[in-house]
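First up is the structure itself, then whatever we jot down about it.
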Amino acid sequence: MINYKTNFDDFILSINTENGLGIWWALGLRNEKTMTTREKFLKLKEFFEYAIFHNRIIEYDLEKQRPIFSGDDPDVVFDRIFADFPLDQLPEYDGDNDNRFFAYMAVKFNGWAVLNEGTTLCLPD
């Protein structure tokens, strides 16, 4: 997994319109062969929590086309965004090579938006 914290602004710019799969790949999680699927998912959660805490990822309601400022802790926001992630249906290892993972992550683009430089709201494509 890459260290996104060392150059966080550039990393955020690189994922600003990515879906769930694009963020997973940008973090380098698909290359982590010794980690379990659950451990990889927790690393994704760690990233989202960090980005939410630093006001670079915000919760977003795609249907109503507006940000959600719930005041909830970043872990609660992540859990809400990814509540439907099929973690328990995936293999213990290499779950990110499973068709169920791809089916979910390739179309997971709702629930968040990236805020760039405090002025530009970027929604995943």
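Given the structure is predicted, the values throughout are model-derived calculations rather than measurements.
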Between D84 and Y104, does a side-chain contact (heavy atoms from CB on, under 4.5 Å) hold up when you go through it step by step?
CA-CA 9 Å; D84 56 347; Y104 177 87; 2.7 Å; yes
Quick check: does any side chain N or O of D73 sit under 3.5 Å from a backbone N or O of V76, one acting as donor and the other as acceptor?
no
Do any N or O atoms from the side chain of R56 and from the backbone of L115 form a donor-acceptor pair under 3.5 angstrom?
yes
W24 and R30 have their tightest heavy-atom pair at NE1-N, 3.8 Å
Would you confirm whether T37, through its side chain, and P91, through its main-chain N or O, come within 3.5 Å as a donor-acceptor pair?
yes
Please report the interatomic distance CG(N7) to OG(S14), rounded to the nearest 0.5 Å.
9.5 Å
Any side-chain heavy atom of E49 sitting closer than 4.5 Å to one from I52?
no
Which atom names give the shortest non-hydrogen contact between A113 and L121, and what distance separates them?
CB-CD1, 3.7 Å
CG (L123) and CH2 (W112) are apart, to the nearest 0.5 Å, by 10.5 Å
Between CG on residue L42 and CZ on residue F47, distance to nearest 0.5 Å:
15.0 Å
Counting N and O atoms only, with roles assigned by atom type, does the side chain of E39 sit under 3.5 Å from a partner on the main chain of T36, one being a donor and the other an acceptor?
yes
Spacing of K40 atom NZ and L90 atom CG [to the nearest 0.5 Å]:
10.5 Å
A106 backbone acceptor or donor facing N19 side chain under 3.5 Å
yes
Taking the side chain from D94 and the backbone from N97, do they hold a donor-acceptor pair closer than 3.5 Å?
no
Does K108 form a side-chain contact (heavy atoms from CB on, under 4.5 Å) with I81? I'd like the steps, not just the answer.
CA-CA 10 Å; K108 183 63 175 177; I81 292 170; 4.2 Å; yes
Euclidean distance, W25 CH2 relative to L29 CG, rounded to 0.5 Å
12.5 Å
I'd like to check I2 versus F11 (side-chain heavy atoms, cut-off strictly below 4.5 Å). Are they in contact?
yes
Hydrophobic cluster identity match, M105 and L87, side-chain contacts under 4.5 Å:
yes
Stepwise side chain to side chain donor-acceptor pair (under 3.5 Å) test for N110 and Y60:
CA-CA 7 Å; N110 60 325; Y60 191 83; over 6 Å; no
Regarding R38 and D88, does a basic nitrogen lie under 4.0 Å from an acidic carboxylate oxygen?
yes
Check whether K33 reaches the backbone of Y93 with its side chain - one donor and one acceptor, N or O, closer than 3.5 Å.
no
Applying side-chain contact (heavy atoms from CB on, under 4.5 Å) to F102 and D96, what does each step give before you reach the verdict?
CA-CA 7 Å; F102 282 111; D96 47 359; over 6 Å; no
When you measure from the side chain of R100 to the backbone of Q89, do you find a donor-acceptor pair of N or O atoms at a distance under 3.5 Å?
yes
Joint hydrophobic cluster, Y50 plus F48, side-chain heavy atoms closer than 4.5 Å
yes
Beyond-backbone contact of E59 with P67, side-chain heavy atoms, under 4.5 angstrom:
no
Is it the case that atom NZ in K45 sees more than 12 heavy atoms from other parts of the structure closer than 6.0 Å?
yes
Measure the acute angle between the ring planes of F85 and F41, then classify it against the limits of 30° and 60° as parallel, tilted or perpendicular.
parallel
Should the heavy atoms of other residues, nucleotides or ligands under 6.0 Å from CZ of F53 be counted, would the total exceed 12?
no
When you look at F78 and L44, which way does the side-chain contact (heavy atoms from CB on, under 4.5 Å) test go after all the steps?
CA-CA 9 Å; F78 176 87; L44 177 70; 4.2 Å; yes
Nearest 0.5 Å, please: how far is CD1 in I15 from CG in D10?
12.0 Å
